[in-house]
K.L.:
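Below are the structure tokens for one structure; questions will follow.
In this chain, numbering begins with 1 at the start of the sequence shown.
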Amino acid sequence: MTKAATFASPGKDFVLIKGGSFTMGSPESEDWRSGDEKQHSATVASFYLSKFEVTQKEWREITGKNPSNFSGDKLPVESVTWLEALEFCNALSKKDGRVPAYTILDGGKSVRWNRAANGYRLPTETEWEYAARAGTSTPFYSRKVPGAEDVNFYGHYPYQIEQNYFNDSVLETRPGVYRGTTVPVGSFEPNPNGLFDIYGNVGEWCFDYYDLYSALSQTNPSGASHGSRRVYRGGGWNDFGKNLRSAYRAALPQESRAYNVGLRLAANADDSVSGIVETREDNLLPDENSKANKKALIVYYSWGGNTRGVAREIQKQTGFDIIELELVHPYSSNYNTVLNEAQRDQHKQARPELKTKIDAAKWAEYDTIILGYPNWWASIPMPIATLLENCDFAGKTIMPFCSHGGGRFGQSLTAIAKLAPKAKISEGLSVHYSGGSSLSKDIENWLGKTGAKR
């Protein structure tokens, strides 16, 4: 057997992740586990991975631009699309005399990855989890659950706070500071592989299309050949502790820009993996020449009234049809009680029955669904999950909006992306509580950006 030829390290800011096998995913006993984390055996070849997330300074030096929501040379770049991340990898490869890994075709609908190239690239989802775990099989690489002094995340909500919200003294890791912003890369201690901010700060784009895992053993997998969502991993500055877990999988459309998603660079360590991987984006919208209905519907769930106020202002400005979702068994009107009820339903992925019934023929008349909800425990309320599963969203565009207490969208967009994989998701609007005096203007600007018309 011929030994693989090794490639030189890209530089001092990269570490060699030695290849091997591990159990990917999470056991059924792991708290806050998602159903898409099915355990299976995976093997990866050795590869290099950057110690740090790509900074705004590094991004600007290559692209001449800085799209980030927060500003600072040492802060991680964010609000970049998956395709822009690939273009950055290629441009940096050319600058450093390396062979670009990607060929982007048909406006980004098709991407070819030359697996033998020594240029910079995104890690695969399997490589990311292997490097993050650093040989562990626990929810986090550290024995102790990470807190705000270890990771930049929504520090008020460490792992398992949801079911212990009114008695957090039982938790080893207690609530800490919520910074509400990204911080300079490398601000905390690295994981055992020498990787900084592998949890928190910003989520990190991976190469793969989001898909359910195969139960079969995988060797150097690159994900599905086609799809509508790309994976990102690690959680960001506004994520709860449960979404920092090594096994947690997040996903968004490849054209999405998120203020909590950036990238970390990978590169091949040798020539043991070769071949061309070609992926293609699924077409989610009807053909332009088809008889599209071109109608929009506002659908929302509201508990305390904040989301209802936003929905009514959207309706006022657009004249679109509007439906409020009501439950057969409503949540409690008491705030403390509903906190428990909401986390309970999320924990068991309940699907509360909707009292509101939407006629399928009427639903089919709309090509755009303006979907509103409160951010509950960093995700969607389960009544929204019921709607997403019960109604056909194929070929429709979802315009999400949410009311929140500080976490903006949290992981709610990922939840929508997973539950409605055949829908296009456009730019969303997050509103702090009721929105205040700027609500009307904020909605007007959002409607203008998304092209939603009266």
Side-chain angles (χ1 to χ4, degrees), residues 56 63 65-72 75 77-84 180-182 202-203 236-238 252-262 284-285 292 294-302 304-324 366-375 378 380 384 393 396-417 420 423-454:
Q56 294 177 26
T63 68
K65 302 174 183 178
N66 184 7
S68 302
N69 180 69
F70 304 105
S71 182
L75 298 180
V77 71
E78 25 83 8
S79 302
V80 297
T81 71
W82 182 86
L83 285 170
E84 288 172 341
T181 179
T182 54
V202 292
W237 57 270
N238 67 328
L252 286 174
Q254 65 182 31
E255 66 272 15
S256 291
R257 298 179 186 277
Y259 39 69
N260 61 348
V261 181
L284 299 180
L285 297 181
K294 305 299 182 187
K295 289 180 64 177
L297 173 68
I298 304 164
V299 182
Y300 69 95
Y301 172 75
S302 184
N306 288 331
T307 307
R308 182 181 299 112
V310 179
R312 288 177 176 175
E313 178 61 27
I314 295 171
Q315 201 274 337
K316 177 182 176 182
Q317 292 192 26
T318 62
F320 295 154
D321 295 342
I322 187 169
I323 295 176
E324 179 173 5
Y366 302 98
D367 68 338
T368 299
I369 305 298
I370 302 178
L371 183 64
Y373 52 90
N375 173 344
I380 55 173
I384 294 295
F393 280 82
K396 297 186 187 297
T397 295
I398 296 175
M399 287 175 54
F401 68 93
C402 81
S403 55
H404 67 93
R408 302 198 195 183
F409 278 111
Q411 281 292 319
S412 65
L413 298 183
T414 273
I416 293 169
K424 182 178 176 63
I425 302 176
S426 70
E427 181 178 345
L429 174 69
S430 61
V431 176
H432 192 235
Y433 292 115
S434 62
S437 60
S438 67
L439 178 65
S440 178
K441 191 64 177 179
D442 290 342
I443 289 175
E444 181 183 345
N445 291 339
W446 174 58
L447 294 171
K449 283 182 183 178
T450 55
K453 298 179 180 179
R454 187 180 300 273

K.L.:
Do Thr81 and Pro253 come within less than 4.5 Å of each other through their side chains, counting heavy atoms only?
P.N.:
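Thr81 vs Pro253: side chains apart.
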K.L.:
Give, for atom OG of Ser434 and atom CZ of Arg308, the distance between the pair rounded to the nearest 0.5 Å.
P.N.:
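Rounded to the nearest 0.5 Å, the OG-CZ separation comes to 13.0 Å.
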K.L.:
Ignoring hydrogens, what is the shortest heavy-atom contact between Gly435 and Ser438? Give both atom names and the distance.
P.N.:
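It is O-OG, 3.5 Å.
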K.L.:
Which pair of non-hydrogen atoms, one from Ala258 and one from Leu252, has the smallest distance, and what is that distance?
P.N.:
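Of all heavy-atom pairs spanning Ala258 and Leu252, the closest is CB-CD1, 4.1 Å.
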K.L.:
Using side-chain heavy atoms (C-beta onward) and a distance below 4.5 Å, is Asp442 in contact with Val431?
P.N.:
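The answer is no; the side chains never approach within 4.5 Å.
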K.L.:
Specify whether Phe70 and Trp237 have parallel, tilted or perpendicular ring planes, treating 30° as the upper limit for parallel and 60° as the lower limit for perpendicular.
P.N.:
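Taking Trp237 first and then Phe70, their aromatic rings stand perpendicular (interplane angle over 60°).
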K.L.:
To the nearest 0.5 Å, how far apart are CG in Leu371 and CD1 in Ile384?
P.N.:
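These two atoms lie 4.5 Å from each other.
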K.L.:
So, do Tyr300 and Ile370 sit near enough that their side-chain heavy atoms are less than 4.5 Å apart?
P.N.:
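Not touching, per the 4.5 Å side-chain cut-off.
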K.L.:
Are Phe409 and Asn260 side-chain neighbours, meaning at least one heavy-atom pair lies under 4.5 Å?
P.N.:
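A side-chain contact is absent here, since even the closest heavy-atom pair is not under 4.5 Å.
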K.L.:
Which pair of heavy atoms, one from Leu297 and one from Ile322, lies closest together, and at what distance?
P.N.:
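Closest approach of Leu297 to Ile322: CD1-N, 4.0 Å.
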K.L.:
Just how far is it from atom CG of Asn445 to atom CG of Leu429, taken to the nearest 0.5 Å?
P.N.:
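Going from the CG atom of Asn445 to the CG atom of Leu429 covers 9.5 Å.
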K.L.:
Ser68 side chain to Ser71 main-chain N or O, any donor-acceptor pair under 3.5 Å?
P.N.:
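Flag not set: sc Ser68 to bb Ser71 has no pair under 3.5 Å.
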K.L.:
Which atoms form the tightest heavy-atom contact between Ser79 and Asn69, and what is the distance?
P.N.:
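Minimum heavy-atom contact is OG-N, 3.8 Å.
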K.L.:
I'd like to know whether Ile416 forms a side chain to side chain contact (heavy atoms under 4.5 Å, CB included) with Phe393, so could you lay out the CA-CA distance, the side-chain angles of the two residues, the decisive distance to 0.1 Å, and finally the verdict.
P.N.:
CA-CA 11 Å; Ile416 293 169; Phe393 280 82; over 6 Å; no
K.L.:
Less than 4.5 Å apart, side chain to side chain, heavy atoms only: is that true for Glu78 and Val261?
P.N.:
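Sidechains of Val261 and Glu78: no contact.
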K.L.:
For Ser430, does its backbone N or O pair with a side-chain atom of Trp446 as donor and acceptor, under 3.5 Å?
P.N.:
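The answer is no, because no donor-acceptor pair under 3.5 Å joins these two groups.
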K.L.:
Pairs under 3.5 angstrom only: tabulate donor-acceptor contacts from the side chains of residues 396-407 to other protein residues two or more places apart or in another chain.
P.N.:
unit_1: Lys396; atom_1: NZ; unit_2: Trp363; atom_2: O; d: 3.1
unit_1: Lys396; atom_1: NZ; unit_2: Tyr366; atom_2: O; d: 2.4
unit_1: Ser403; atom_1: OG; unit_2: Thr307; atom_2: OG1; d: 2.8
unit_1: His404; atom_1: ND1; unit_2: Gly406; atom_2: N; d: 2.9
unit_1: His404; atom_1: ND1; unit_2: Arg408; atom_2: N; d: 3.1

K.L.:
Indicate yes or no: at least one non-hydrogen side-chain atom of Gln317 is less than 4.5 angstrom from one of Ser440.
P.N.:
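Yes - at least one pair of side-chain heavy atoms lies under 4.5 Å apart.
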K.L.:
Can you tell me how far CD of Gln56 sits from OG1 of Thr63, rounded to the nearest 0.5 angstrom?
P.N.:
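Interatomic distance, Thr63 OG1 to Gln56 CD, rounded to 0.5 Å: 10.5 Å.
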K.L.:
Is there side-chain contact between Tyr301 and Glu324, with at least one heavy-atom pair below 4.5 Å?
P.N.:
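No, too far: nothing below the 4.5 Å cut-off.
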K.L.:
Name all residues meeting the side chain to side chain donor-acceptor pair (under 3.5 Å) criterion together with Thr450; count only those two or more places apart in sequence or in a different chain, and write none if there are none.
P.N.:
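If we apply the side chain to side chain donor-acceptor pair (under 3.5 Å) test to Thr450, skipping adjacent residues, there are no hits.
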K.L.:
Looking at every heavy atom in both Val80 and Gly262, which two are closest together, and how far apart are they?
P.N.:
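What the structure gives for the nearest pair is CG2-CA, 4.4 Å.
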K.L.:
Give the minimum heavy-atom separation between Val299 and Ile369, together with the two atoms involved.
P.N.:
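That would be CG2-CG2, 4.2 Å.
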K.L.:
Quick one: pull up CG in Leu439 and CD in Glu313 and give me the separation to the nearest 0.5 Å.
P.N.:
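Those atoms lie 5.5 Å apart.
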K.L.:
Find the distance between NZ (Lys295) and OG1 (Thr368) and round it off to the nearest 0.5 Å.
P.N.:
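Going from NZ on Lys295 over to OG1 on Thr368, the span is 12.0 Å.
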